[in-house]
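All ligand and atom numbering here is 1-based and tracks the order in the structure.
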Amino acid sequence: TMATFKLENVEDLYEIGEVLGSGHFGQVREVRERTTGQRWAGKFLKVRRGAGSWLGVERKNVEKEVEVLQSLQHPNIMALRDVFESKAEVVLIVELISGGELFDFIAEKESLSESEGIDFLKQILHGVSYMHSKNIGHFDLKPENIMLSARGEPLPDIKIIDFGMAHHFIQGEEYKSMGGTPQYIAPEVINYEPLGTATDMWSIGVITYILLSGLSPFQGNTDEETLRNIVDMIYEFDDHHFRRTSTMAKDFIQQLLVKDQIKRMTADESLLHPWIKPLTRTQVANRNHSSINMKNFKKFNAKRKWKMSYNMVFACNRLFRLQLLCKHSTLEDQELRQCESDQEDTETKPASLIRRRPSNSS
Ligand code: ATP
């Protein structure tokens, strides 16, 4: 059952503050609840107005993101508090996540042992395992979507964000999608085959590989080359970059970067892998003595940040991304221009928004 509408303005209840980040369809801003003074984040999404428009999210996709978030309550997954909507915009009031991205946090460290890295990875796996137990796949797991609750604590909590591509599987249904970021997508995405929760586990394999070495396993000189490397399963553990990596860590990655989804390690299985859950004293010692290739990791992260800001130049980045994946589709100049002009005139005042209460809280 879909949520009911409540005629309230977001600005009556929340004071809108500074911009925290931006995505393809709008901004994320800090908001303050007027009655309690509590701080939250507001994700402002532009909704596509018609079939002819390229900019904005399709309403059915926003509904999908909301429904997914409503069904997920876990310490490692960004919590949804409230939803407001108007014809042109939807605002999700979500838990404020102030620790920044995990990769940025790690890149500031002098060194990191595998055990310390695992403390974070385990939380990612717990969140993903919970999500998968609810038959939900995220389908866009990548460093940008793995954040930390707060800084200044020795071990901050992992928070998985951005459920814009997530899907709730219905028993017996086939689901295909072309979305994602080349570096992190599984072969079944590129081949346009049915996806499963295993698709997320591939991305976790890629993220772990990068975390340990600062290298991206399938990265080619172009996106096309990257996609080909993924489909052809061309990757290796370069001796130089992995010289301080434990054998167990490599085994963990190898069980995730498996082409056949059925044979790929599941989230629950991965939590029981000896690298994550060591059974012997030797296994514990190995993890403590092995370390992340910090020098190369910092290099990877700096390059990633540079690329991210470069990508922001394009308002229609997601279209470009899709275009890379769909060889047959070419966007006409005109459509791209339309996209830019759309952006200017969909500016709606949050005051015109209507509150929509999540169906599980009345
Ligand atoms: P994308 O276009 O990458 O899919 P999106 O439009 O779906 O993005 P998000 O990825 O959810 O938007 O958020 C965009 C950025 O806003 C994030 O990268 C992050 O920096 C920031 N952000 C998102 N959610 C929160 C939050 N709950 N608290 C603080 N900052 C957040």
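- Residues passing the ring pair (Phe, Tyr, Trp, His ring centres under 6.0 Å) test with Y209 are F237, F242, sequence neighbours excluded.
- Numbered from 1 in the order shown, with element, the atoms of ligand 1 that lie under 4.0 Å from a heavy atom of K43 read 5 (P), 7 (O), 9 (P), 11 (O), 12 (O).
- Looking at every heavy atom in both residues, F252 comes nearest to T208 through CE2-OG1, 3.9 Å.
- Distances from ligand 1 to the non-hydrogen atoms of G164 include no value under 4.0 Å.
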Problem - Evaluation steps, ring-ring contact (aromatic ring centres under 6.0 Å, His included), between F25 and F44 - result: CA-CA 8 Å; F25 302 123; F44 293 76; over 10 Å; no

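- With a heavy-atom cut-off of 4.0 Å, E101 does not touch ligand 1 at all.
- Within ligand 1, counting atoms from 1 as listed, the ones closer than 4.0 Å to a heavy atom of S22 are 14 (C), 15 (C).
- Aromatic ring centres of H132 and Y130: separated by at least 6.0 Å.
- The ligand atoms of ligand 1 that sit less than 4.0 angstrom from a heavy atom of A41 are 26 (C), 27 (N), 28 (N).
- The nearest non-hydrogen atom to atom 28 (N) of ligand 1, considering only D162, I97, T181, comes from I97.
- A donor-acceptor pair shorter than 3.5 Å can be found between the side chains of S246 and E114.
- Taking the ring centroids of F139 and H167, they lie at or beyond the 6.0 Å cut-off.
- Looking at D140 next to ligand 1, no N or O pair under 3.5 Å apart turns up.
- Each of Y184, F218, Y235 was evaluated against W202; a single residue qualifies, F218, per the ring pair (Phe, Tyr, Trp, His ring centres under 6.0 Å) test.
- Looking at S98 against ligand 1, nothing comes within 4.0 Å, counting heavy atoms.
- H126 meets the ring pair (Phe, Tyr, Trp, His ring centres under 6.0 Å) test with no other residue; sequence neighbours excluded.
- Of all atoms in ligand 1, listed by their number and element, those nearer than 4.0 Å to a heavy atom of V94 are 27 (N).
- Atoms of ligand 1 lying under 4.0 Å from at least one heavy atom of I161, given by number and element, are 17 (C), 23 (C).
- Residue contacts with ligand 1 for M78 involve side-chain atoms from C-beta outward but no N, CA, C or O (heavy atoms, distance under 4.0 Å).
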